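Working notes, structure below.
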Amino acid sequence: MSDMRSRIYLLVKQIPAGRVATYGQIARLVGPPCDAREVGSAMAALGPNTDVPWQRVINSQGGISTRGYRQRALLEAEGIEFNEKSLTNLKRFGWKGPEFAWLVENGFTPLAPPEEEEPPPPPEQLSLL
DNA sequence: GTGATGACGATAT
DNA sequence: TATATCGCCATCA
């Protein structure tokens, strides 16, 4: 098994039941040269008795990319809800991602380390044009 | 080695 | 808002 797919699977295993992550999100966590398509390809390569929760990986629209009813049924069984357009609300069910410490300990290099600093205060003057 | 492919995603129209 | 196009890149035949 390729190193990249191993890393993809390792990350997907971190997604807790009742939450979902997007292909692009996983790809960003793995880091370049991995991309969303590669994540999808990795999911497709999984066998039927895998311990990887592949059903928790969906597209950036919050929708299912697989054919048929299987994936949606599995997710609904975990409490994920779909709207009339068969999309989930990523704001509610989206996974935040693993802890920073987890990424470091597992050899990942997060592109966006936790920011403790406050964002720069907005300028006072609003109507100066 | 080379070319086709895909469970994607961002952008353009 | 919806459809079409293009970029992406490891795999696979």
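Below, all heavy atoms of this structure are taken into account, side chains as well, without hydrogens, waters or symmetry copies. Quick caveat: nothing in here was measured; it's all calculated off a predicted structure. Naming convention: chains lettered A, B, ... in sequence-line order (proteins, then strands); numbering from 1 in each chain.
- Computed from coordinates, the A:L87 CG to C:dA2 P distance equals 10 Å when rounded to whole Å.
- Applying the 6.0 Å contact sphere to CD of A:E99 captures no more than 12 heavy atoms from other residues, nucleotides or ligands.
- In terms of hydrophobic clustering, with Ile, Leu, Val, Met, Phe, Trp and Tyr side chains grouped at heavy-atom distances under 4.5 Å, A:Y23 and A:V52 are assigned to a common cluster.
- In this structure, A:V20 belongs to a hydrophobic cluster whose other members, linked by side-chain heavy atoms under 4.5 Å apart, are A:I58, A:I64, A:L75, A:I80, A:F82, A:L90, A:F93.
- What you find for A:P98 and A:L11 is that their closest heavy atoms are CG-CD2, 4.1 Å.
- Panel note: side chain A:Q25, backbone A:G94; no donor-acceptor pair is recorded below 3.5 Å.
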How would you summarise protein contacts on nucleotides 1-13 of chain B per nucleotide, using B for base, S for sugar-phosphate only and - for none, with heavy-atom distances below 4.0 Å? -----BBBSS---
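- If you take NZ of A:K85 and P of C:dT3, they are 12 Å apart, rounded to a whole angstrom.
- One atom, CG of A:D3, and another, P of C:dC9, lie 17 Å apart when rounded to the nearest Å.
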I would like to know whether A:R19 and A:E78 meet salt bridge (charged side-chain N to carboxylate O under 4.0 Å, His left out); could you show each step before the answer? CA-CA 8 Å; A:R19 314 293 300 196; A:E78 297 184 347; over 6 Å; no
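- Checking side-chain atoms of A:Y9 against main-chain N and O of A:D51 turns up no donor-acceptor pair under 3.5 Å.
- Side-chain atoms of A:N106 do not come within 3.5 Å of backbone N or O of A:F108 as any donor-acceptor pair.
- Sorted by residue number, the list of members of residues 75-83 of chain A with any non-hydrogen atom under 4.0 Å from DNA chain B is empty.
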